[in-house]
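Heads up, the thing below is written out as C-alpha cells.
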Amino acid sequence: MPSRSFRYPVLQEIERPSLDFASRMAAEVFQPLPTVPDHPALEEEVLSAWEREGTFQVLREQNRGGPKFSFVDGPVTANRMALGVHTAWGRTLKDVFQRYKALRGFDQRYQNGFDCQGLWIEVGVERSLGLNSKREIEEFGLEEFARRCRDVVVQSSEALTRGSIRLGQWMDWGRDYFTFSDTNIEYIWKFLKIVHGRGWLYMGHRATEWCPRCGTSISQHELAMSGVYQERSDPSLFVRFPLLDADGQSLVVWTTTPWTLPANVAAAVHPDEEYGRRENGEWVAVKLFPDDRFVERLPGRELVGRRYRGPFDELEPGSKVEHRVIPWGDVTMDQGTGIVHIAPGAGGEDFELARVHDLPVLTPVDEAGRFYENYGWLHGLSTTEAADQIIGRLGETGFLVESGLYAHAYPHCWRCDTPLIFRLSDDWFISVEEVRPTLLDENAKVEWTPEYMGKRMDDWLRNMGDWNISRRRYYGLPLPFYPCACGHLNVVGSKAELAERAVEGIDQLEELRRPWIDRVPISCEACGEPVHRIAEVGDVWLDAGIVPFSTLGWQNPEWIDEGYATGAARGLTRADLPDHGYWEEWFPADWVSEMREQIRLWFYSQFFMSVALTGRSPYRRVLGYEKMLDEHGREMHASWGNTIPAEDAFAQMGADVMRWQYCAQPPERNLLFGFGPAGEIKRELLTLWNSVKFFVEYANIDEFRPSWSALNLEGDLPALDRWLVERTHAFVRDAESAYEGYLTVDVMRAYQEWVDDLSNWYIRRSRPRFWEGGDRAAFQTLWYAIVQTLRVMAPILPFVTDHLWRNLVHDGPASVHLAGWPEVDDPDRDLLRDVENVRRVVTLAHQARNAAGHKLRQPLRKLVVEGISSSHTDEIADEVNVKEVEFGVVEAELRVKPNLPALGPRLGRELRAVQQALQSGDFEELGGGRFRAAGHELEPDEVLVERLGTEGFAVASADGVTVALDTSLDDELVLEGRVRDLIRQVNTMRKEQGLALTDRIVLTLPADARPLLRWEDRIKSEVLAVEIRVDGDAGVSIARAS
RNA sequence: GGGCGAUUAGCUCAGUCGGUUAGAGCGCCGCUCUGAUAAGGCGGAGGUCCGUGGUUCGAAUCCACGAUCGCCCA
C-alpha cells in the first residue's frame, strides 16, 4: 500500500494553572507504576489533588462563556444517611455526560438538588421518635416535629454529598437546591394559583388508595413506585346475596376484601354474558362454571334491576340501602362468579359506578382504617381485624358459600409498607383533561433513550387520571387553599400576598410550613371574612416538579444572591435565585436522566407543570435506566444481606470500578451489580495499566521526554505506528458518537476493543523497539495513543485516567479533565482493515501451528496465504515465526463453497443443487477463479475457495482465507529453535533472580550447547550478556556482570 | 384481561440487511507465549437459538399461534 505521509494532529493547547507549575518542573521522570493499581488509594490522592488545585473551578472557568449544556438534576430524597450503590449509578451517568460535555467546552450549571419534604422523611422521624399515629405526632408537637424533619435533611444531605464527592461526581456542592426552601414553595403556590385561574383545581370526593397507618391517600403515581405491589394472601370469599323477589334464589359474588361487604350497595353483572341458576338457587355466570348444571339461563341484562338482601342489613348503614343489580360492561369472566360486589365507599371503580347509577355511598372506615360507630359490633375494628369476624358472621347467617385464601399482588404503602385500602376521601385535584393533548404533543418531541420509555410516558399521559395533590400530613408543602364559608376559594400565590392578606400571625411565620402557617388566617377576597387554610400538605412531586422554574428564576424580575436559601433552606445552601433572563438561557434542559420509575413521578410532574406554565416540555432528551439487582440477579434487600453500601464498594473496588460497572450496562436491562463483576473489571483495567507501566519503564530508561506542545510533529511514521494512531483516531470517533447518543455501554465496548489492539498487537509487536531504545517514533506514538485515550475515558474513569495523565503529561494541562476532547482526523479505514486482515492470517497460522504441534519458538520455513493479500509480510513472518510468507495458491485439495448472498438471488431454487455439487467435490475448475457446478458457471466473487490439508503442510481455513504452514524442519531451523529456547530460559532466570531490566550478565552454558554459539551475538543482545562461557557439564547459569 | 419486552453454552450476554461452521466474557480441561502483564494466544468440553406452523433457495433473525418469565396498565 502507498506510504502515507502522516501528520500528528494539533492538540488544543490550554494554559495550565500556575499553582501547579513548581511541582511539575520537579517531576523530571515518569513515576514507576506498581504491578497492580490500588484504586481506592489512588482515588483518594486524585481527590485531594482536585481539592488542592481547584480543578473543578478551573474547568468551570475555562468553559465559561462556551456553548451551554443544560442539565437539571432530579432531587434525591434526603432521608438516607449514606449513599447507596443504586443512587451512585444514576449519579455516575449524570457525572459522565457532564464531564463529557465539559471536555467539549460546554458551560454548565452543575446544580445538585435534595428532596426535603414528604412522607419518606416524616415516617423516618416518626420511627426514631417511636410515634405510631397521627394523633401521637400532634401530641408530640408539630413545631418540634418539623425541626426533627429538617435535622434529617441536614444530616442526610451532608452524607449524600460526601458519598457523591467520593464517587467523583463534580457538582456545585454548597449551591444545591433544597425543595423545602420558601422559594421553592412559593413557586408551587404560584403554579397552583395559575392552575386555579384556569379552573383546573377542584376538591373531589372519590375513592382512592389509602394508607390507614399514615392516614393519607396515595396517588396513582405513588402506586407506580417499585415495591408497592407485593405478593400477599387474602381471604377469598364466595358470598350469597338472597334475591328478594324470588324465594330460595340468590346471587353469588366473590370478594377478597371481606371488610367491604358491610358497605355493599349493589351487585354488577355483565349485560351480555349468560348467567345460570343452579338447582340450589344460586346464580353465577355460565362461562365461569362450564361443568355445572343450570336449571335456568338468562343474559345478564335480564337480571338487572332485581333487588336482594344485603349481607349486613342488620347494621344501620346497610339497612337503609336498597340493594339492586346493575349492569357493568367491565365485569370479567376470568375469575370469581361473574357477579361483582359493589361498595362505592371502598373501591375505585365502584365509586365511578355509583355516580353513573346514582347509588348510595357507604364509607365504613375512618382515616385510621377503623370502622365507624354506626357499624355496631364492627366499631373500632381495623379492616384486617374485621375480616375474621365478618367471615364468621356470614357463616352464621348462611350468606357464606365458601371461604379460602387467595394469593395476589396487593398494593402497600410505599413508605411504611402497610397494606393499602380503598377509602372515600376529600382530596384536591388538578384536572388534566384540558392540557392532556398538549402533553402528548410535547412528549412526542422529547428524545427518549431507551425509546420504549417514551412510549411508556405516552401511555401514561393518555390514561392518567386527574392529579391528586393533597396529603393529610404535616411536613410538606402547605397547600395555599383557603375555602371560605361564603363559597369562595381563596388561593394565595406568594408570601407577599399572604402577608398582605393576613389577619394575624404573620410575625411568627418562621417558615412557609405547618404549624406556623396554620396560625395565619387571611381575609376572604369575596366577603372579607377571615378564612383558614385547609390542613392538607402537597404531594412531594409538586416539590420536585417545580425545580426547572424555582431554581432558574422563572419570572423573577431581579437576580437575588443566595435568594434560593430561604425558609428551611437558609444556612444549608448558597444557591442564588436567578432572574428571568437566566431562565430563558437555561430552560428547557438539554438532558435529564433518572431511573425508569420516574416516568410517572419526576419526569411527569415537571413535565406537567412545565407544559401547564409554558406549553413546552422542560427537557429535550431523557436517558432512563432500569433496576439494579445483585450480581446473581436477585433484588437487593437489607434483610437478604445482599445490599452493598457505597462505602464498602468505594473501599473494596474503588469508584472507577463502580463507574465502569454502571457504564458498561445497557440502560434497558437490569444491572447486576456486585464484587464478582468488579473483579473482572479490575482485571480488564489492568491491561491499560500495564501498557502504561510498560511505557513508563522503558521511557524512563530511554529518558524519553514527551512534549505536549510539540505534538504537531510532521513526518513519516513506521507503518505500525501509523496504524496505532489511526486505530486511536477510530476509537476517538466511535466513543464520540457513543457519548453523543448517551450510550456509555458503546463507549466501553469501543474502549475494550481498542485496549486489546493496543496491548495484544501494537505493544506485543513493538517490544524490541522499546528494548533497544532510541526509537523516538515508537515512544511518541505509544504516548500519544495512551494520552488520547485517557482523555476519551476521563468522563467514565475520572480517577485512574487523571492519575495516569498526571504521570504522563508534564507540560500540558494539569489534569486530564482540563485537556479537552481530542480533535482527530477521520481515521484511515483502509489501513485499519489491512491490519485486521493481518491479524486474521496470524490467528489462522497459530491454529495451523497448534494442529501441527510446533511451538511458536520453533522457526519454520514458509507460510502460504491464499484468499487475501497484505503488504505486512514482515509482520506476519515475525508473528508466525516463519522465514518466508507467500501470497498465492495453496497447493492442496480444493474446497469450494457458494457465496450465498451473491448466488442466492441469482440461482434461487437451483442453489441447493450447486451447493450439493460443490460440497461433494463434483465441480470443474475453469481457471481465473471460475468454476462450473451442477450446470452453472460460477464467477470468482460467487464462490469462496478454501483448501484442505496436504502432505508436509498444516492448513487452516476460515471465511475464504486459507493459510498453509510448511512443517518440515532442517538442522538450521532446529538449531535456531534451540537458540530461542535458550534465550527464553535465560530471561526467565533473569526475572527469577530479580535482575533489573538493564543489568548485564555473564552467561555460562554446558558443553553440549556449544553449537548454539553460532548465534552468539543474538544471544548476547537478547539476554544482555557481556560474555558467554562454556563450562563442561554444568547447567545453564547466569551471574550479574560487575 | 390489555399493552410492551424478553427467552441463544453451566452463568451473564452479543448476534448488523435473512446467508456459509451461531459467538464473547466468566467458569472447567489441555496446550502455548511472555524482557509490561496477576495478563495474552490456541484448542477442547458445553447449544432442541422456548415450542409449533408458515414465508423463503436459505430463518436464531421475518410472520402467525402457543408456552414461560419480566415490566407496565387494569
Side-chain angles (χ1 to χ4, degrees), chain A residues 32-33 35-36 220 223-224 226 229 330-335 348-349 450-453 455-456 459-460 462-464 596-597 599-600 626-627 631-633 664-666 668-670 672 676-677 679-680 682-684 686-698 745 749 752 756 759-761 763-764 767-768 770-772 842-851 853-857 879 881 897-915 918-919 943-944 946 956-960 980 983-984 986-988 990-991 995-999 1022-1024:
Chain A
L33 267 55
T35 322
V36 181
Q220 269 182 299
L223 288 175
S226 66
Y229 278 85
D330 287 350
V331 172
T332 58
M333 293 294 145
D334 57 338
Q335 57 186 9
E349 291 163 319
E451 268 179 56
Y452 69 82
M453 290 194 191
K455 214 172 141 4
R456 275 286 152 69
D459 291 344
W460 164 243
R462 278 176 209 284
N463 297 314
M464 70 191 175
R596 194 207 44 213
E597 69 178 27
I599 288 171
R600 304 215 309 177
E626 289 289 341
K627 250 194 316 197
E631 61 187 87
H632 306 292
Q665 181 61 26
E668 73 275 13
R669 306 191 75 100
N670 293 334
L672 274 49
E680 272 182 50
K682 278 189 198 170
R683 269 207 300 283
E684 285 206 62
L686 214 49
T687 313
L688 178 67
W689 182 267
N690 282 322
S691 301
V692 177
K693 181 174 155 65
F694 172 85
F695 168 83
V696 162
E697 278 176 23
Y698 287 98
V745 53
R749 283 182 187 141
Q752 285 168 283
D756 180 68
S759 169
N760 288 324
W761 190 251
I763 293 185
R764 198 160 54 79
R767 271 183 303 221
F770 291 94
W771 306 337
E772 285 151 18
V842 169
T843 299
L844 282 174
H846 283 159
Q847 272 175 36
R849 251 185 189 279
N850 225 297
H854 283 303
K855 292 188 293 195
L856 195 51
R857 279 199 298 275
E879 277 292 314
N881 197 13
K897 288 175 171 178
N899 183 8
L900 294 176
L903 273 180
R906 178 160 86 84
L907 296 184
R909 201 171 294 277
E910 289 291 302
L911 180 62
R912 189 163 291 171
V914 171
Q915 201 166 9
L918 289 175
Q919 196 170 359
V943 292
L944 298 170
E946 290 172 2
S957 254
D959 303 322
R980 286 190 56 155
I983 291 169
R984 162 150 195 252
V986 173
N987 278 327
T988 306
R990 286 182 60 110
K991 207 173 179 181
L995 298 188
L997 287 181
T998 49
D999 283 343
E1022 297 226 6
V1023 304
L1024 295 190

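Asp459(A) comes within 4.0 angstrom of nothing in the nucleic acid, heavy atoms only. At a threshold of 4.0 angstrom between heavy atoms, the contacts of Leu686(A) are confined to the sugar-phosphate backbone, with no base atom among them. Using a 4.0 Å heavy-atom distance criterion, Val692(A) is classed as making no nucleic acid contact. Across all strands shown, Pro666(A) has no heavy atoms under 4.0 Å from either base or sugar-phosphate atoms. Using a 4.0 Å heavy-atom distance criterion, Pro905(A) is classed as a base contact.
Rounded to a whole angstrom, the distance from the P atom of U34(B) to that of U20(B) is 37 Å. Taking atom C1' in both C13(B) and G47(B), one finds a spacing of 15 Å when rounded to whole Å. A9(B) and A14(B) are spaced 13 Å apart, taking the C1' atom of each and rounding to whole Å.
Nearest to the side-chain atoms of Leu672(A) among the listed nucleotides C71(B), U12(B), G19(B) stands U12(B). Side-chain atoms of Arg669(A) lie closest to A14(B) of the nucleotides A14(B), A36(B), C57(B).
Atom CG in Asn760(A) sits roughly 14 Å away from atom C1' in U32(B) (whole-Å rounding).
Side-chain atoms of Arg767(A) and base atoms of U37(B) include a donor and an acceptor less than 3.5 Å apart. Judged by distance alone, with hydrogens and angles left aside, Ser759(A) brings a side-chain donor or acceptor within reach of the base of A36(B), the pair sitting under 3.5 Å.
Look at C4(B): its Watson-Crick or wobble partner, with both distances under 3.5 angstrom, is G70(B).
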